[in-house]
Amino acid sequence: MSNYKPSEIETRWQKYWLEKKTFKTPENHDKPKYYILDMFPYPSGSGLHVGHPEGYTATDILARYKRMKGYNVLHPIGWDAFGLPAEQYAVKTGTHPRITTEKNIIRFREQLQMLGFSYDWDREVNTTDPDYYKWTQWIFLKLFEKGLAYEDEAPVNWCPELGTVLANEEVIDGKSEVGGYPVVRRPMRQWVLKITAYADRLLEDLDDLEWPESTKEMQRNWIGKSIGAEIDFQVHEHDEKICVFTTRPDTIFGATYMVLAPEHHLVDVITTPDQKKDVEDYKEKAEQKSDLERQEITKEKSGVFTGAYAINPANGKEIPIWIADYVLAHYGTGAIMAVPGQDERDWEFAESFDLPIIRTVQPPEDFEGKAYTLDGPAINSDFLNGLYITDAKLRIIEWLEKNGVGKKSVNYKLRDWLFSRQRYWGEPFPIIHVDGKPKAVPEEELPVILPEVDHFQPTKTGEPPLARATEWVETTDPETGKKALRETNTMPQWAGSCWYYLRYISPDYDGGPVDKGEENYWMPVDLYVGGSEHSVLHLLYARFWHKVLYDCGVVSTKEPFQKLVHQGMILGEVEYTAYEKDGKMISAEEAAGLDDVTRVRLSDSDVEKKGDRFVMKGTQITVDSKAHKMSKSRGNVINPDDVVVRYGADSLRLYEMFMGPLEQVKPWSTKGVEGVNRFLNRAWRLFFGDGDEDVLNISDTEADAGQLKVLHEAIKKVTEDIENMRFNTGISALMIFVNEANQWEALPRSVAEPFVILLSPFAPHIAEEMWNRLGHKETLAYEEWPAYNEEYLKSDTVEYPVQVNGKVRANIEVPAERAKDKDFVLGLAKQQKNIEKYLDGSTIVKEIFVPGRIVNLVVKPG
RNA sequence: GCCUGGGUGGCGGAAUUGGUAGACGCGCCGGACUCAAAAUCCGGUGUUAGCGAUAACGUGCGGGUUCGAGUCCCGCCCCAGGUACCA
């Protein structure tokens, strides 16, 4: 065999790595460690898509690189295997989710191994494995002990027709995704985790993380900390007080009315008899609107007067109390003091209902808007007049506290985490109910095994599927011997993924979720790579659990993931779409607003660029050119298996890294895969020629200066690019090496071997094969990474572009030893024919000389 | 609306952070090999003008700073993702 045959060499090396356990994590702690983690996949029925290998290749390159740099590397993978699709499939077909899940895991594992990732397969974790979820339950008990898990009534999406609770994503326009049946909000007993208790720490500790700024910002917004004050407003002729939260207590003199959320508990108490009907009607309407609907209507504000008045504590004035759905029941206190002068929403409402508006901050003279929300001196505000916002706030809070009508207060957008699901395929809660009260299952009894049930739907009464396992549900309290009922809710999919990175560290440890000694060595995760769709929820929940475990002494770091990178989505191939209406082709702009147009898919040979648009060849008819998300319905899904069969795993890996920066969204191009495949073929021929016989085109001659320069340039570039995760330019450096080396008479071994090492993280199979054919008997996975020598990078001459008035007019070559000699270089520059031309009849007013970079002569006519 | 990215050849993308814009790959054009094709190899390829040396223009748009701007500053436009009555 002499031609490059990926299918042969790839299977051979994959087998070698598995059998020899090449990538087994070292057990000693004698070297620096590097923990590199992928977001583990949900093993879906459709297998791997091309998005998975993108992030996984990036981490694999780093893992292989770090091993060769002398690190102990922990690079594991596992399965986030609880989840809805397997359960839905079970409901439909009766197949136990365990069966489906096992089958899918086998497929995923094969696919990942087929791509040559250097995972330690002895550390696989599976969230559905009782040995794993034992510790998920254990962590839940910690939360429960600390009072961070509590029961509450919370509304769920209940679909009476399907007899089941639906996740938000299963509800479309108030109807079930499956079948289109109506969905209603119905309160149910739920488990809730008190993540809000950690809000401040989750916010503050973001600062020290090497995460994308956008992700940190999203988490900050999600937590939504705002500092302000709570103020009590006495209801006129009632004993009740209404407490409001405001970030602008300084505007209190401009509070001309109050608004309660329709759900506010005081609404019924304070509403006057003659307003009762209006208020009831409004409440009913608001109730019927879904959350989405209430959010959509941003323009027209609606509301009703309750008939009651409150006393503004700052000036003793009576102000009307309204209810309106622009005030949200679950934020702040569910009630606001409305200050239309300084708040756009309040201004709109005041205008609609003819309520008074008082400005309490002086807007600038040229201000033409309505509400003025920026800084300025206070007006119409008694003792605050003249103070700017910051000072006015301090002053009024002091006053409120002194008079006992308010205090400084902090509020968060973050809400407690609804932690239970009415599902089968999830972790059972380690909770029993004795005399109607929840009680922890003793630690020794963990895991609470997911029971078998006859069907996977909820019961007729709407209880979760686990309620069907009556023998399991009806138990006794081991402590008192009393009758007890097991919790029948299950945990959400997030639970297993909240701590899996810890289990990899000591997957078989049975003294706790993680072995303390190992944890000390391996944590934190040095690099975590995964999709940006997990920017908020998964990453926030995992951070929350980690902090709880930190408080319990289970982990030693405050944060789990030191550095985070999101890979960008891979789109389908670029598509050109033309539009046809009534048998005539029309331009894309024209077609935009019309519905009865036919889309025509064009190939790239049918279109050409005209200006900044594409048109149909030879016409003025513009077409759309766009890469779309891959989707089954569009038929543009690229299957990694097919790519591997045609071009090999090394080509797939290389292409996905070569497409562009890792973080960026980028369109797929099969031609591009062919390009990198050609590169691997060229590299192969460089070593082994293209004849039929087995030859090795390697010489044992010494490398000359030119060859060393080419090699060390590659070493430098590839090393720096891997360190900075700029894989696309690193690969380009490898290509440059091969292009250069192809022109050499002979390839010295001393140059060939370091090149193979450089190539190996990207294309490990071909590199192992080359290494082997170079006569090495062992894997190259632990060879030393080559270092570059600055000496070899120097060249004999330095090239200077010569500019006149900032425009390049000539290039000169200067011997390296005189390159920093300003007079010499300038002298030479001025002698150039094309430069003389520009100097002639002009005077040089300035000479710029940047050593090793550029010469610029600034001239003036005359 | 707000937040975060981003706009560079026919396409994906480079550019040492203020110093020759377009590395590398794709595509395209020409040539070699072949009866032919594929594969492979060699050469060319930002646009315009010119046989050419060369020149003008060129990094979303309009200004500015600088000897010099894709890179810095001011004002816009467009695209992608996220978020949304959060008081």
Side-chain angles (χ1 to χ4, degrees), chain A residues 3 212-218 220-222 224 226 228 244-248 251 259 294-299 301 324-328 330-339 342-346 348-349 411-414 532-533 535-536 566 568-569 574 604-605 607-609 612 614 625-627 655 658-661 663-676 678-679 681-682 685 690 717 720 726 728-736 739 742 799-811 833-834 837 845-848 850 852-859:
Chain A
N3 290 331
E213 207 40 57
S214 58
T215 304
K216 289 205 228 179
E217 201 54 34
M218 275 160 137
R220 289 190 190 109
N221 292 340
W222 191 264
S226 46
V244 302
F245 174 73
T246 175
T247 54
R248 292 292 304 276
T251 61
V259 187
R294 275 177 72 162
Q295 284 163 15
E296 268 166 19
I297 305 154
T298 45
K299 290 273 172 319
K301 294 260 181 294
D325 62 7
Y326 82 92
V327 173
L328 308 174
H330 55 68
Y331 183 78
T333 59
I336 61 160
M337 64 174 204
V339 188
Q342 272 73 233
D343 185 286
E344 279 157 18
R345 297 155 301 183
D346 295 345
E348 262 178 55
F349 191 82
N411 228 294
Y412 299 91
K413 246 159 87 174
L414 183 71
S532 55
E533 65 272 24
S535 290
V536 178
H566 300 303
M569 205 189 344
V574 175
D604 53 358
S605 56
V607 298
E608 61 185 347
K609 188 97 176 211
D612 56 359
F614 278 92
S625 125
K626 201 181 163 178
Y655 173 64
F658 187 61
M659 294 171 90
E663 302 86 341
Q664 223 164 81
V665 178
K666 17 190 197 282
W668 182 267
S669 153
T670 297
K671 286 282 183 200
V673 188
E674 286 172 15
V676 294
R678 271 201 282 270
F679 157 70
N681 267 294
R682 274 203 305 278
R685 284 197 303 272
D690 56 359
K717 184 81 178 130
E720 288 172 357
R726 291 186 302 237
N728 53 332
T729 51
I731 292 167
S732 125
L734 292 169
M735 289 172 166
I736 291 169
N739 290 346
N742 257 319
E799 194 174 303
Y800 275 96
V802 182
Q803 299 184 330
V804 177
N805 288 340
K807 292 202 169 161
V808 179
R809 299 301 181 184
N811 279 292
K833 254 189 295 171
N834 205 43
K837 201 165 87 188
V845 293
K846 199 167 181 182
E847 290 173 342
I848 312 280
V850 185
R853 286 255 182 271
I854 207 162
V855 170
N856 189 9
L857 303 171
V858 186
V859 303

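Just so it is clear, the values below take in all heavy atoms, side chains as well, and ignore hydrogens, waters and symmetry mates. A, B, ... follow the sequence lines: proteins, then strands. Residue 1 opens every chain.
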| message | Considering every strand and a 4.0 Å limit on heavy-atom distances, what is the contact class for Asn811(A): base, sugar-phosphate, or nothing? | response | base
| Base, sugar-phosphate, or nothing: which does Pro212(A) touch, judged by heavy atoms less than 4.0 Å apart? | nothing
| remark: On RNA chain B, more 5' by nearest nucleotide between Arg682(A) and Gly660(A) is Gly660(A)
| request: Classify the side chain of Lys301(A) and the base of C85(B) as holding, or not holding, a donor-acceptor pair under 3.5 Å. | output: yes
| said: Please tell me if Arg678(A) has a side-chain N or O lying less than 4.0 Å from either OP1 or OP2 of G27(B). | reply: yes
| query | Hey, is the side chain of Arg809(A) pairing donor to acceptor with the base of U20(B) inside 3.5 Å? | reply | no
| task | Please give the nucleotide sitting opposite A49(B) as a Watson-Crick or G-U wobble pair, both distances under 3.5 Å, or none. | result | U54(B)
| said: Need one value for Val850(A): base, sugar-phosphate or nothing, where a base atom within 4.0 Å counts as base even if backbone is also close, heavy atoms only. | reply: base
| request: May I ask you to say what Lys833(A) touches in the nucleic acid, namely base, sugar-phosphate or nothing, with a heavy-atom cut-off under 4.0 Å? | output: nothing
| message | Between C1' on C26(B) and CZ on Phe679(A), what's the gap in Å once rounded to a whole number? | response | 15 Å
| task | With heavy atoms under 4.0 Å as the rule, sort Glu217(A) into base, sugar-phosphate or nothing. | result | sugar-phosphate
| message | What contact category does Ser732(A) fall into here, base, sugar-phosphate, or nothing, at under 4.0 angstrom with non-hydrogen atoms? | response | base
| request: Identify whether any heavy atom of Ile848(A) sits under 4.0 Å from a base atom; if not, whether one sits that close to sugar-phosphate; answer base, sugar-phosphate or nothing. | output: base
| task | Would you mind classifying the nucleic acid contact of Asp343(A) as base, sugar-phosphate or nothing, using non-hydrogen atoms under 4.0 angstrom? | result | nothing
| request: Under 4.0 Å between any heavy atoms, over every strand shown, what does Ser226(A) touch: base, sugar-phosphate, or nothing? Just pick one. | output: sugar-phosphate
| request: Assign Ser669(A) to base, sugar-phosphate, or nothing according to its heavy-atom contacts below 4.0 angstrom with the strands shown. | output: nothing
| request: Have a look at Lys609(A) and say if it touches a base, only the backbone sugar-phosphate, or nothing, with a 4.0 Å heavy-atom cut-off. | output: sugar-phosphate
| query | Across the strands shown, which category fits Asn739(A) at heavy-atom distances under 4.0 angstrom: base, sugar-phosphate, nothing? | reply | sugar-phosphate
| said: Regarding Gln664(A), tell me which of base, sugar-phosphate or nothing describes its non-hydrogen contacts under 4.0 Å with the strands shown. | reply: sugar-phosphate
| request: Could you tell me whether U17(B) is syn or anti, where syn means a glycosidic angle within 90 degrees of zero? | output: syn
